[in-house]
Participant: 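My questions will all concern the structure given below.
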Amino acid sequence: MADEFNLIKTYFEPLSTGLADDELGIGDDGAVINTPENHQLVVVMDTLVSGVHFLEQTAPCDIAWKALAVNLSDLAAMGAKPVFFTLGLTLPESDDDWLKSFSSGLAEIANSYNIALVGGDTTKGPLAVTVTAHGWVKSGEAVLRSGARIGDVICVTNSIGSGALGLKLLQGSFAEAFKGEFTVQEKNQLMQALNRPEPQVLVGHLLHQYATSAIDISDGLVADLTHIVDSSNQRFGEISAQVKAEIYLERVPVLSSVKRYLEQTGDWSAVLAGGDDYQLCFTMNKAEFDLIRSNTLRFGVEITEIGRIVERDPSQGLFNKVSLTLNGKPYALNAQGYSHF
Ligand code: ADP
Ligand code: MG
């Protein structure tokens, strides 16, 4: 059983790589990082708590993957290029098997996305993992939630709802009307989406010149899109008309297994409010969409137009921020996005 200092040296120092000769990662009181000219630092942080963000039986390598992935997803939504991260680890005990698996999952995603671990803190207590990640954007080019304008198309990357269905699969909590079985391959796909989400870093970076607003979908499409609507109205509210989002559900991209689930149950709540997607939702000018789409396809990411930003009719009340239709008919969602309190 490694003590605190050996634990850091064995499992985490090897991830402190890729730094310049005059930079400093793990080992001193603080990390020292060079800052490029004409850039701004984007800072994000997310905590994963055992029993809240992952089930107790989750493999340590998957916990590590997700802890960094959700942060990279936030950087992606800002259009930032990931550069370095720190790790706050609270562990009930120093268990070498657990730490070996955890640090291997962390190394895997850190290497995939070329981001260095430069420091952290290690404490004893109930299992929780906090990551702060840092990325660069060119000054003034960060993509905010607040830029959506009337006429913009609303788009998402890849498909949504897979992580939420993966969680249902684990918990055995499918809607009763669901008769169909999933194949082994489909189950694996859903579990992969839940445990190993791929943050949309490349798309995020590509979008920073085109998207008028962006958010990563962590709490559910409708809840997260509501943030875009709210922020955009706050920013432009005094000088122009209020906006709302219209989503055409038949266009929302889902895996074929998720599609079967939707057809049999008619229950969109997991897909729209389950969260755990870590795809990007963004708005942009329609004319630029086709151009971007062929670009993202080149590196294997599909983007789909799922709706429009339109003018909000004040007579329909304040709560009409995201309206949903399914094949032209209004659809009422009986669920809200995830909220801790
Ligand atoms: P201090 O007591 O001065 O805060 P620590 O003993 O906590 O120093 O940390 C020593 C070094 O190890 C620091 O560089 C710190 O950033 C790093 N470190 C501690 N815990 C972790 C961790 N979980 N992951 C990565 N680096 C860590
Ligand atoms: Mg410390």
Side-chain angles (χ1 to χ4, degrees), residues 1-36 39-76 78 80-136 195-199 201 218 278:
M1 216 159 72
D3 69 18
E4 182 188 330
F5 302 103
N6 279 321
L7 178 165
I8 296 165
K9 206 172 180 49
T10 310
Y11 297 108
F12 299 122
E13 255 187 46
L15 278 73
S16 206
T17 56
L19 299 173
D21 288 346
D22 58 349
E23 293 181 312
L24 203 55
I26 293 176
D28 211 304
D29 289 315
V32 181
I33 305 292
N34 298 330
T35 54
H39 281 70
Q40 289 175 302
L41 187 62
V42 177
V43 181
V44 304
M45 171 161 125
D46 260 311
T47 296
L48 302 192
V49 176
S50 179
V52 180
H53 300 92
F54 55 88
L55 305 180
E56 251 155 71
Q57 69 264 32
T58 309
C61 55
D62 289 341
I63 298 172
W65 177 284
K66 195 157 175 178
L68 183 52
V70 300
N71 280 280
L72 292 175
S73 180
D74 280 326
L75 287 181
M78 302 298 292
K81 176 181 180 291
V83 209
F84 58 94
F85 71 106
T86 56
L87 170 68
L89 192 55
T90 305
L91 296 171
E93 57 187 340
S94 165
D95 172 339
D96 281 302
D97 289 338
W98 194 95
L99 281 159
K100 212 175 274 177
S101 168
F102 182 86
S103 58
S104 76
L106 196 62
E108 216 181 316
I109 182 165
N111 292 335
S112 309
Y113 291 91
N114 206 9
I115 184 169
L117 176 62
V118 299
D121 200 22
T122 308
T123 50
K124 187 171 176 171
L127 179 60
V129 185
T130 297
V131 168
T132 67
H134 300 69
W136 307 126
N195 289 325
R196 297 230 165 188
E198 289 286 355
V201 171
S218 55
Y278 305 105

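Read the numbers this way: they start at 1 and go in the same order the structure lists the ligands and their atoms. Just the heavy atoms: all of them, side chains too, but no hydrogens, waters or symmetry mates, feed the values below.
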Participant: Please walk me through it: do Leu87 and Val129 pass side-chain contact (heavy atoms from CB on, under 4.5 Å)?
Facilitator: CA-CA 7 Å; Leu87 170 68; Val129 185; 3.7 Å; yes
Participant: Is any side-chain heavy atom of Cys61 closer than 4.5 Å to a side-chain heavy atom of Phe102?
Facilitator: no
Participant: For the pair Ile33 and Leu19, evaluate side-chain contact (heavy atoms from CB on, under 4.5 Å) and give the outcome as yes or no after the intermediate values.
Facilitator: CA-CA 8 Å; Ile33 305 292; Leu19 299 173; 4.2 Å; yes
Participant: Just going by heavy-atom distances, which of Val129, Val131, Leu87 is nearest to atom 22 (C) of ligand 1?
Facilitator: Leu87
Participant: Return a yes/no value for Ile26: is any of its N or O atoms, backbone included, closer than 3.5 angstrom to an N or O of ligand 1?
Facilitator: no
Participant: Assign the ring pair Trp136 / Phe84 to parallel, tilted or perpendicular, where the plane angle (0 to 90°) is split at 30° and 60°.
Facilitator: perpendicular
Participant: Looking at non-hydrogen atoms alone, which of Thr86, Asp28, Asp29, Leu106 comes nearest to atom 10 (C) of ligand 1?
Facilitator: Asp28
Participant: Which atoms of ligand 1 have any heavy atom of Phe5 under 4.0 Å away?
Facilitator: 6 (O)
Participant: Going by the closest heavy atom to atom 25 (C) of ligand 1, which one wins out of Gly88, Ala31, Gly119?
Facilitator: Gly119
Participant: Applying a 4.0 Å heavy-atom criterion (strictly less than), which segment of Leu117 is in contact with ligand 1: side chain, backbone, both, or neither?
Facilitator: side chain
Participant: More than 12 heavy atoms of other residues, nucleotides or ligands under 6.0 Å from CG of Asn114: is that the case?
Facilitator: no
Participant: For ligand 1, does Ile8 get within less than 4.0 Å through its side chain, its backbone, both, or neither, judged by non-hydrogen atoms?
Facilitator: side chain
Participant: Can you find an N/O atom of Val118 closer than 3.5 Å to an N/O atom of ligand 1?
Facilitator: no
Participant: Pair Asn71, Phe85 - check side-chain contact (heavy atoms from CB on, under 4.5 Å), show working.
Facilitator: CA-CA 9 Å; Asn71 280 280; Phe85 71 106; over 6 Å; no
